[in-house]
Amino acid sequence: LAAKVTPMSPAEGFAANLVTTILVGAASFAALPVSTTHVSTGAIVGIGVRRGAGFIRWKTVGEMATAWLVTIPAAALVAAAALTLIPGR
């Protein structure tokens with residue numbers, strides 16, 4: 001994921017993974033649903049922003065955001081279609 005969003009050193013990769021671990025762990029402890037992928041992506045983009053916004057491949061970030069926005073309604077439509085096909089409901 002990181003190589004496609006922004007270049008980073010091993011230390012920066014470790015920092016992004018550490019932040020992801022802490023945030024997902026804290027959310028789990030608080031029983032809050034979070035996406036590990038979203039948190040990790042945010043940490044990686046944060047590393048890129050720290051280096052300078054020009055280091056981020058914004059097209060890739062935009063493609064990921066679009067995929068995230070499309071996934072929820074698409075999953076809802078597939079679930080609704082599957083539910084109508086289940087007999088005895």
_Of all pairs that satisfy ring pair (Phe, Tyr, Trp, His ring centres under 6.0 Å), the ones with a partner from residues 17-43, not counting sequence neighbours_ =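 The answer is H38-W68.
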_Within the structure provided, determine whether L77 and P73 are in side-chain contact (heavy-atom separation under 4.5 Å)._
no
*Would you call P7 and R51 a side-chain contact if the rule is heavy atoms closer than 4.5 Å?*
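Side-chain contact under 4.5 Å: yes.
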*asked:* Tell me the closest heavy-atom pair linking A43 and A16, and the distance in Å.
replied: CB-O, 3.7 Å
Under the 3.5 angstrom rule, does the side chain of [X] hit a backbone N or O of [Y] as a donor-acceptor pair?
| X | Y | result |
| --- | --- | --- |
| T84 | A81 | yes |
| S40 | T20 | no |
| R50 | V45 | no |

*asked:* Is there a continuous path of hydrophobic side-chain contacts, each under 4.5 Å between heavy atoms, that joins I47 to V49?
replied: yes
*When clusters are formed by joining ILVMFWY residues with side-chain heavy atoms under 4.5 Å apart, either directly or through shared neighbours, do V19 and M8 land in the same one?*
no
_R57: partners by side-chain hydrogen bond (donor to acceptor under 3.5 Å, both in side chains), with sequence neighbours left out_ =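 Per chain and number, R57 pairs via side-chain hydrogen bond (donor to acceptor under 3.5 Å, both in side chains) with no residue.
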[atom1] of [X] to [atom2] of [Y]: how many Å apart, nearest 0.5 Å?
| X | Y | atom1 | atom2 | value |
| --- | --- | --- | --- | --- |
| K4 | E63 | NZ | CD | 10.0 Å |
| L23 | L32 | CG | CG | 11.5 Å |
| I44 | T60 | CD1 | OG1 | 12.0 Å |
| F14 | T21 | CZ | OG1 | 8.5 Å |

*L85 atom CG, over 12 foreign heavy atoms within 6.0 Å*: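 Check passes, neighbour count above 12.
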*asked:* The test is side-chain contact (heavy atoms from CB on, under 4.5 Å); show your working for V5 and M64 and say whether it passes.
replied: CA-CA 10 Å; V5 174; M64 289 187 311; 3.9 Å; yes
